[in-house]
Structure formats: C-alpha cells, structure tokens
Amino acid sequence: MTHAILFYCRPGFEADVEAEFTFKADIPGKWEIGQGFCIFLPKRPADWDKLYRTLECGDWVFPRQIIFVVEALDLPPKDRLTPILTAIDSLHEAHKGPWRDVWIEYPDTNDGKEISSFSRKFGALLDAKLAAKGLANKPDAKARLHLFFPTLERVYIGFTRPDFSVNWQLGIPRLRMPTDAPSRSTLKLAEAFMMLVPESGQVKPGMSAVDLGAAPGGWTWQMVSRGCTKIFAIDNGPMKGSMAIHPSVKHLREDGFKYRPKSPVDWLVCDMVEQPARIAALISDWLVKGHARQAIFNFKLPMKKRWNELQRCLEIIDDALDGAGIRYQIRARHLYHDREEVTCYLTKIKR
Ligand SMILES: C[S@@+](CC[C@H](N)C(=O)[O-])C[C@H]1O[C@@H](n2cnc3c(N)ncnc32)[C@H](O)[C@@H]1O
C-alpha cells in the first residue's frame, strides 16, 4: 500500500482539513474523503517521511488526530485478526514495534459508534497477541500503533509519535461534566485550557477575568473553579445557579462590545455569538489597549470556507497587534466540544 496520511475530524469538517493541509503542506497527492475522517495519499513517499518527522497535530486547527498510515486491508468478517497480524508482521523494518500502545479507532459518527464494542474486544485480543511478542505496552517506545476501522470490513494501520500527537483515543478528550456548572459550554473552556494553554500560562489563584457573553455561566464557572477571585460576567441574559450568587462574580448587564474594565484584568474570555471579524477586532482592541494580557475566545464559523474565514480573522488580529508593536502567540483549534466554531488562545509575549 502507498503511504497515506489519515486525519480524524468532526463529521462535516473534512473539507476544512483539506483546505488547511493544502495551505500548510502544499504537496502533490490525492484525497479520499470519508465521514469524520479523510485520507491524503502523497505522490512522493519522501513527503510522507518528512511529515512524519515534523508534523505536530497540536499545532493544527481542524484535524483531531493525524495518523501516518502504512497499510490498508479489506477484512473477511469471519477472521479479522489473522490478516491484521500478518500485515503487522510484514511491516517495513522502520515500522516494526515495539509500540507504546495499540489504539483501535473508528469515525466519530453513528456508524462508527457501532464499531466501539467490537473495538474494545478486538483491542484486548490484539493487545494480548502483540504483548506476547513483546511488541506492545512499552511506555518508552517512540511510536503508537493505530488501527482505524472506517467499517468492520476495512482497516488502516498506521502510527503516531506520542510527543507530536493528541494523547486521546479518536483524538477526543473525555471530560466529565461538572455537576454544578450552569451549562455544557463549560467543557469547551475546560478543553481550551487543556489543549491550548501551556502549563506556564494557566490561571493562577487570585487572578481576575472578564467573561463577555457569560450567561448562563459555564465559562464563568470554569474561571472560578480555576482560582479566579474577581470575574466580571457581561451579558444581558441571566446568570444561573451558583454563578448568579457567587461572591467572586459580578454580573453586569452591558453590551460586550462596549464594556471595558476600569483597571486591567488577567484574562479575557469571550463566547459571544457574533460575526468572527467583529470578535477579532474586539479581542485585538482589548490586548492593544492593555485591558487584558491573554484571551480565550471563539470564532463562530457557520460558513462553508471556514479555513479562509479563520485566516481573515487571524490577519485582523495580526494587523492590530503587530501594528501596535506587540509580540504575541496565538493557537486556534476546532475543539471536540466546539460545533461550528474554532476556539483561540491569544497571549502577549514579553519582549
Ligand atoms: C453561547 S452563549 C454563552 C454561553 C456561556 N459561555 C456559558 O458557558 O454559559 C452566548 C451569550 O452571548 C451573549 N451575547 C451575545 N451578544 C452579546 C453582546 N453584544 N453583549 C453581551 N452579551 C452578548 C448572549 O446573551 C448569550 O448569553
């Protein structure tokens, strides 16, 4: 089989993966588009090698995970294990184990969910076979083996480098919904802190924040639970549950586009449903004028060409911050808890 690159994504976002890849890698090859995944077949094997060595999934926006495929098999329903073991045995020297672990995966679709119970049983079986050969469960190994089943009749065998990939099966972080958070949106901000913000940038106890478009309070809840002791929650709508009465939270019924704090805050977070270019201009203004040093916000992207729109918004931010002589870092990612939106973390860097 020709070497291929397999991308997992939210179903419906395959074209965005393709647009991002074309923009960033721009190498010749062809695409096979599935649901919740897509596959790129590079024309030149050297491109596959180069990307395997250099491509860090965490830096990408739309792919949840990027797998480097070395084999694809059609499977007989009566015995899937034998052809897979044979294929693994005959892998090219460079890809023979041992592997850190073996992940059995499938698309994040309703059809994919039907494969999940098979994947648990099959994974245990394969794990035992490979462990007996000394090929799996080696914590220091440089690669992880992935078996991706788009259907029960087909499998893609490939690898990731754990230091360059997302450390969650299917590329999906499993987060538990906190029982007293007022909305499920809280998981979006929790995931953003986990996936986008480095250890050194995390919220520290006693920090202050502004939450634009705060109601009913899921994001505010995250900021409180992470240690912020002063949060201005800006929204005309009502805050709910504990966030309506929390002593650290001041709810202001004001327009999020007009509100500015009297003195600078540590964090700006913003989940207002608005045109992405307006959000880009607003966040830039906050950082340029020094109202906050860092921000987490999202761009709602209901349009078709999401990658292009995201680039347009990032340019607005760059024009404003670079134009004001501010050095900054920005990371954007289509999080698992995002729907038609992309979440960004933006921080100033000291000169
Ligand atoms: C997606 S909801 C926010 C959910 C919230 N982050 C949470 O975790 O519960 C968007 C909110 O933005 C608010 N909003 C939209 N435009 C606004 C504006 N111009 N000023 C203030 N709030 C606004 C809406 O009232 C709505 O409550």
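Sequential numbering from 1 along the given sequence is applied to the chain's residues. Each ligand, and each atom within it, is numbered from 1 in the order the structure gives.
Ion pairing between D163 and K142 fails under the 4.0 Å rule for side-chain N and carboxylate O.
Judged by distance alone, the side chains of D271 and N298 do bring a donor and an acceptor atom under 3.5 Å apart. Checked by atom type, the side-chain pair T186/Q222 shows a donor-acceptor distance below 3.5 Å.
Considering all non-hydrogen atoms of both residues, L187 and P178 come closest at CD2-CD, 4.1 Å.
Ring orientation note: the planes of Y259 and F232 are tilted relative to one another, at an angle of 30° to 60°. The aromatic rings of H291 and W286 stand perpendicular to each other, their planes meeting at an angle above 60°, with 30° marking the opposite boundary.
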Please tabulate, line by line, the atom pairs linking an N/O of ligand 1 to a protein N/O at a distance below 3.5 Å, with the distance in Å to 0.1, or answer 'none'.
unit_1, atom_1, unit_2, atom_2, d
ligand 1, 6 (N), D271, OD2, 2.8
ligand 1, 8 (O), S183, OG, 3.2
ligand 1, 8 (O), G218, N, 3.1
ligand 1, 8 (O), W219, N, 3.0
ligand 1, 9 (O), S183, OG, 2.7
ligand 1, 9 (O), P216, N, 3.4
ligand 1, 9 (O), G217, N, 3.1
ligand 1, 9 (O), G218, N, 2.9
ligand 1, 19 (N), D255, OD1, 3.0
ligand 1, 20 (N), G256, N, 2.7
ligand 1, 25 (O), D235, OD1, 2.8
ligand 1, 25 (O), D235, OD2, 3.4
ligand 1, 27 (O), A215, O, 3.2
ligand 1, 27 (O), D235, OD2, 2.7

